Amino acid sequence: VGAGYRGRFAPSPSGPLHFGSIVTAVASFLDARHHGGEWLVRMEDIDETRTVPGAADRILRQLEAHGLAWDGEVVGQSARKPLYSAALERLTGHTYRCACSRREAASCQCRAGLPPGKLARAVRVHGAPGMEDFTIRRADGLFAYQLAVVVDDFEQGISHVVRGADLLDSTPRQQWLQHLLGYQSPEYLHVPVVKDPEGRKLSKQNHASAAEEEHAAQTLREALQFLEQPVPEAGAPREILDQAVACWSRVRLL
Ligand SMILES: [Zn+2]
């Protein structure tokens, strides 16, 4: 790990952080701080249909309560659409218009031309060799997550992305977009996802409970245990994190 480490945590404000998202936040925080790096927070609110009013504020309160102090201003994607538009334009020549609804996009044939009488709705980009084409602007007009996250990571100078292994599948597509846009790819590290007793990933969709501010110290110790780090006996969240920063090792990063 060289100089100029800048990491980030990028929750979507579709609900409060649960234990699984705290684990990811802690891993990215510790990896950044252990390497003397910066740690930014970005709200991934590109999918406005999933944004829940008040969730972004709650997430920041949860991070504060857990001692996860970020650098700089919190950036939201909803304010950055001109940047995504510009990137979309720069991809011209690698993209085509697509007439499929979101549901139809899985069997899209629009690369060969739009079916007669069908209107362009989405924009798709040619995949890398061996990779399927994928949508970068959705049929509903919203920029796709893959494009937004690539532009944001570049614009914010992110050097290291530590995130959940559920996003492992996204990494090749993001690296491909970085290649097409002439961006340097950050280093990607993935953390195992926390699952419920039925083996499902903890998520807002399956009603994982919020990480309560008043239990922050205990939640941090459990997160460190999950990440196979030494677990401090006691202390306030900041003290626990200070020790964890010093001891951090990447054993559970994929
Ligand atoms: Zn299509």
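We count ligands from 1, going down the list as the structure has it; atoms in each ligand are counted the same way. In this text the structure is predicted, and so the values were computed from the model without any measurement. Quick note: numbers below take in every heavy atom, side chains included, and nothing from hydrogens, waters or symmetry partners.
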pair Gln146-Gln174: side-chain heavy atoms closer than 4.5 Å: yes
Quick one: does any side-chain atom of Gln229 pair with a main-chain N or O of Ser249 as donor and acceptor, under 3.5 Å? yes
Please determine if Glu44 and Arg163 form a salt bridge, counting it only when a charged side-chain N lies under 4.0 Å from a carboxylate O. no
Heavy-atom check, side chain of Ile22 versus side chain of Glu222, under 4.5 Å: no
Hey, which protein N/O/S atoms does the Zn ion (ligand 1) have under 2.8 Å? Cys98 SG, Cys100 SG, Cys108 SG, Cys110 SG
Closer than 3.5 angstrom, by distance alone: can the side chain of Ser101 be matched with the main-chain N or O of Glu104 as a donor-acceptor pair? yes
Do His66 and Val26 make a side-chain contact, defined as non-hydrogen atoms from C-beta onward lying under 4.5 Å apart? no
